[in-house]
Engineer: 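After the structure tokens below, expect a handful of questions from me.
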Amino acid sequence: MESAKIARVLDEMGTLLEVRGENAFRCRAYHNAADALRALPSDLTSMISDGSLAKVPGIGATMHSKIAQLATSGNLPAYDELRKTTPPGLVPLLRVPGLGPKKIKTLYEDLKIASLADLRAAAETGKIAPLKGFGAKTEAKILEGVSFIESVGDRIRQNTARQLIEPILKAVADQPGVIRSAACGSYRRRGETIGDLDILFSSKDPVPIIDAFVKLPEVAKVLAHGPTKASVRLADGVQCDLRGVEDHQFAFALHYFSGSKAHNIAMRRRAIERGYKLNEYALEGEKESVPCHDEADLFRALGLAYIPPELREDAGEIDLAERNAIPELVTLSDLQGTFHNHTDWSDGGATLEEMAEAARALGLKYLGIADHSRSAAYAGGLSIERVKEQWEAIDKLNAKYGKSFRVFKGTECDILGDGSLDYPDEILAGFDYVVASVHSLFGLSREVMTERIIRAVRNPYVTMLGHPTGRLLLARDGYDVDLDAIIEAAAEAKTMIEINASPHRLDLDWIHARRAAKLGVMISINPDAHSTAGLQELDYGIGVARKAGLTAQQILNTRSLADVEKMLVK
Ligand code: DGT
Ligand code: CA
Ligand code: CA
Ligand code: ZN
């Protein structure tokens, strides 16, 4: 068995143990080993035989022997046993907000709840409220959560999509006879969430490539298998569509399968207006078809500048392209630093030094540390004494770095119920910058919540507003708030707003990021990193910014260290 598949087995074991209510550390060990395995660059077999695998951080001796067994024999009795004895319907229950492994175990043991349908039925008939540790409020919340999960269906977040599609893309690209290949669909457009994965390739003979695709180790079930296309279900339940075309059709097919559907319809209408017919294989004129090697050729043939995939939502991009006014979209390499990050001083997993080193390794010139404030007890929020200690630690670190790199002293300061901040002014004044976020009282009315946040936005100590709606993609809607009013207040007060780049949040979303930037609000792309690996999530924020049509100029953290220092003093 190869390492990608082993990693999935370990993850699944970790999750199954979780819903059985096993010790959290034991469950974590499986997920950590899976992560470590995915990050390994080299040949697994040789690392098993020379024992070096056991020394990889996150793996260790017990996991090593399980991995070795899976790699050599392709199975593991403990895994089979877990699958046999755990109802598969328990796993989706983990997605219900507020339902942790402990509660799931209770529900299963006391009420035999083993699926989302069981859970809904029990909540609707009031069977959950009387359970110890639940109550009427929890029961109502559970019901709300089940409805939410049903409404989002089987969509996945971008990070999950990336993890799933990358090995498949590589496997397709590596097939003999493949000329060009690419991811299409919402994944290519950087959709907030992804329904299914779409892959396109060109070749003189697609048949053997499609045949190889349906046999990939990632594939759990073949849904359809023809000479030029196949649809499969991956082990995680996600659908993946593959299509093959001839190379002279590639540009048309790439454009078509990248969508969006609304963009495609607008493009087809435009083609018709100009006397053409556009479909997924060709742009046909009256007499002959127009050859296009790439998408830029296709757009040009219709009198348009190239439209980057992120913008293809029929949200004004065709007008812009017609006027040759497509903005030069920000890229990951434009980013020089980032501001909203946590360390083990609050709820992060890495030390100050480790975070700084990880930022440097990514080529960043500055890193803002914004640990939680004192009211955020659940997240290890910093008392005033701890804040002062952290300032000293940061000063020491900066002295070491000299001019080459700087750690900024920030805070992710809770916005209290009345819109005031969680530290007195004299402490706020000591930070280089302040990210203000809502982490409590999500149930306030729209009016009160909007007032609360606007008050914080107008506070002169607030540099930027953090995750403005508090939504968690595929898990929880944001709180009810008039986001446009907040954006207007931010524009007036010259307070920045973050694009929280965590793939769980993407908050601001691209539509509101576009509105905010139009009003002149400076945007900061922040990964909200809770580990060194979390810094890499900056790229999902770049996806939002590009979808919003933002240029480097409109984003704070594309500025040089010297410029940012000047801006933060103001
Ligand atoms: P998803 O999978 O729900 O996240 O969204 P997409 O955009 O990836 O949609 P998908 O996988 O159903 O189809 C891929 C692309 O194929 C889509 O973006 C545009 C194109 N497409 C699919 N159905 C239609 C259609 O009925 N008309 C047109 N014009 N294009 C379509
Ligand atoms: Ca799709
Ligand atoms: Ca599809
Ligand atoms: Zn936060």
Side-chain angles (χ1 to χ4, degrees), residues 153-158 160-162 164-165 168-169 182-200 213 223-224 229-234 237-243 253-254 256-264 280 309 312-313 338-343 346-348 368-382 410-416 421-422 434-442 453 456 462 464-472 476 478-479 497-502 504-508 524 526-530 534 537 541:
D154 293 332
R155 300 187 72 81
I156 54 174
R157 284 178 281 266
Q158 281 186 46
T160 314
R162 183 174 290 187
L164 292 172
I165 203 172
I168 303 176
L169 274 176
C184 306
S186 51
Y187 181 76
R188 183 170 183 233
R189 299 196 316 277
R190 305 264 217 150
E192 286 181 344
T193 61
I194 311 296
D196 70 358
L197 304 170
D198 304 283
I199 301 177
L200 175 73
F213 168 74
L223 304 172
K229 60 181 180 184
S231 283
V232 300
R233 199 163 289 292
L234 304 176
V238 177
Q239 187 176 322
C240 180
D241 297 337
L242 179 74
R243 283 181 192 79
L254 179 62
Y256 181 89
F257 293 115
S258 293
S260 65
K261 192 171 162 181
H263 168 89
N264 287 356
E280 59 259 60
R312 301 180 195 167
E313 298 291 344
T338 169
F339 286 96
H340 176 176
N341 302 291
H342 299 269
T343 69
S346 67
D347 62 346
I369 296 299
D371 274 314
H372 286 282
S373 61
R374 56 185 177 172
S375 286
Y378 61 91
L382 271 56
T411 171
E412 182 182 19
C413 189
D414 267 37
I415 299 174
L416 304 180
L421 295 188
D422 197 18
V434 171
V435 181
S437 305
V438 167
H439 290 120
S440 61
L441 302 171
F442 290 0
I453 297 176
V462 171
M464 63 182 83
L465 178 63
H467 47 69
T469 75
R471 73 171 178 179
L472 291 177
R476 162 180 103 195
Y479 27 79
I497 304 184
E498 81 172 2
I499 289 177
N500 189 299
S502 163
H504 289 265
R505 293 189 183 270
L506 304 181
D507 184 16
L508 288 175
S524 180
N526 296 330
D528 199 351
H530 284 74
E537 297 191 340

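When a ligand or atom number is given, it counts from 1 through the structure's own listing order.
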Engineer: With a 3.5 Å distance limit and no angle check, can you tell me whether Asp371 reaches the backbone of Thr343 through a side-chain donor-acceptor pair?
Structural biologist: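 Such a contact is found between Asp371 side chain and Thr343 backbone.
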Engineer: Provide the protein N, O or S atoms situated under 3.0 Å from the Ca ion (ligand 3); waters are not included.
Structural biologist: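 Near the Ca ion (ligand 3), below 3.0 Å, one finds Asp196 OD1, Asp196 OD2, Asp198 OD1, Asp241 OD2.
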Engineer: What angle sits at the Zn ion (ligand 4) between OE2 of Glu412 and NE2 of His439, to 10°?
Structural biologist: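 Taking the Zn ion (ligand 4) as the apex, I get 100° for this pair.
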Engineer: If the threshold is 4.0 Å, N to carboxylate O, is there a salt bridge linking Glu498 and Arg505?
Structural biologist: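 Judged by the 4.0 Å cut-off on N to carboxylate O distance, Glu498 and Arg505 do not form a salt bridge.
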Engineer: For a distance under 2.8 Å, tell me if Asp528 has an N/O/S atom near the Zn ion (ligand 4).
Structural biologist: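 No N, O or S atom of Asp528 is closer than 2.8 Å to the Zn ion (ligand 4), so no.
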Engineer: Strictly distance-based, threshold 3.5 Å: is any side-chain N or O of Gln158 a donor or acceptor partner for the main-chain N or O of Gly191?
Structural biologist: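 Checked: pair present.
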Engineer: Less than 4.5 Å apart, any side-chain heavy atom of His530 and any of Asp347?
Structural biologist: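 They are in side-chain contact.
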Engineer: Among residues at least two apart in sequence or on other chains, which ones pass ring-ring contact (aromatic ring centres under 6.0 Å, His included) with His372?
Structural biologist: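 In terms of ring-ring contact (aromatic ring centres under 6.0 Å, His included), with neighbours along the sequence ignored, His372 is linked to His342, His439.
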Engineer: Among all residues two or more places apart in sequence or in another chain, which pass the side chain to side chain contact (heavy atoms under 4.5 Å, CB included) test with Ala183?
Structural biologist: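 So Ala183 forms a side chain to side chain contact (heavy atoms under 4.5 Å, CB included) with Ile165, Leu169, Tyr187.
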Engineer: Please confirm if an N, O or S atom belonging to His467, backbone or side chain, lies less than 2.8 Å from the Zn ion (ligand 4).
Structural biologist: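 His467 does place an N, O or S atom closer than 2.8 Å to the Zn ion (ligand 4).
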Engineer: With sequence neighbours excluded, tell me which residues meet side-chain hydrogen bond (donor to acceptor under 3.5 Å, both in side chains) with Ser186.
Structural biologist: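 None.
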